[in-house]
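Okay, structure first, notes after.
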Amino acid sequence: KAGVTQTPRYLIKTRGQQVTLSCSPISGHRSVSWYQQTPGQGLQFLFEYFSETQRNKGNFPGRFSGRQFSNSRSEMNVSTLELGDSALYLCASSLVLSQETQYFGPGTRLLVL
Amino acid sequence: GNSVTQMEGPVTLSEEAFLTINCTYTATGYPSLFWYVQYPGEGLQLLLKATKADDKGSNKGFEATYRKETTSFHLEKGSVQVSDSAVYFCALSDSARSGGGADGLTFGKGTHLIIQP
């Protein structure tokens, strides 16, 4: 069974731009969660989607948003990029609930200049 | 709120040494506990998990026991290899949040493990 895939793997943007990242979960998994990983803050939960609905949200500003499609694929969007948004963005999928085991993709590394 | 505390390292060991990485947690409910491993340039891989008190998770020679009385989930391996060099993350998932949801996984800061030949 194919794992979680994320595209693109690397991105370079400038301040003020916006970016969209994509995540395809493991086949049959319906819950998708997003995390931000930085050297300073570590791994932080962004949000979780299930059945096209945001179920939970972490403590991030409204510039961070996401959505989920009927095939469970998910996208996250960051608008008005700031230098501090430079990070590895990880997507994880689980069968139904985020409390279950989450399986991570390789991540998208975003650099904001 | 929930939190996970683990030694950050780096932890440097010789090949075949015994490994312990300590992890303690604070949670409001009845969490499931996980260890994930991250190799350079890659995402997180699930190493092992335990879902209730006294459960022992094990995989690839690694073990960890869910200790509710000490709120701990220490990772151990009897004989480490150079290929075990990576960053190890302890994490919890708490199902007790009101409404039944959960705020994703709560991670420790990660422990950088270096194994020398």
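What you see is a predicted model, and the numbers here were worked out from it, not measured in a lab. Just so it is clear: chains get the letters A, B, ... in the order the sequence lines come, proteins before strands, and each one is counted from 1.
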Contact origin within B:Leu44 toward chain A - heavy atom pairs under 4.5 Å: both
Region of B:Gln38 that comes under 4.5 Å of a non-hydrogen atom in chain A: side chain
Connected via hydrophobic side-chain network under 4.5 Å: [X] and [Y]:
{"X": "B:Phe18", "Y": "B:Leu113", "value": "no"}
{"X": "B:Leu47", "Y": "B:Tyr39", "value": "yes"}
{"X": "B:Phe73", "Y": "B:Ile21", "value": "yes"}

Return yes when atom [atom1] of [X] has more than 12 non-hydrogen atoms of other residues, nucleotides or ligands closer than 6.0 Å, and no otherwise.
{"X": "A:Asn59", "atom1": "CG", "answer": "no"}
{"X": "B:Glu16", "atom1": "CD", "answer": "no"}
{"X": "A:Ile12", "atom1": "CD1", "answer": "no"}

Interatomic spacing from CG in B:Leu105 to CD in A:Gln44 - rounded to 0.5 Å: 13.5 Å
At a heavy-atom separation under 4.5 Å, does [X] approach chain B through its side chain, its backbone, both, or neither?
{"X": "A:Arg9", "value": "side chain"}
{"X": "A:Leu46", "value": "neither"}
{"X": "A:Leu90", "value": "side chain"}
{"X": "A:Gln6", "value": "neither"}

Close side-chain approach of A:Phe104 and B:Glu42, heavy atoms under 4.5 Å: no
Nearest atoms (heavy-atom pairs only) where A:Gln102 meets B:Tyr36: O-OH, 2.6 Å
Pair B:Phe107 + A:Phe45: ring centers closer than 6.0 Å: no
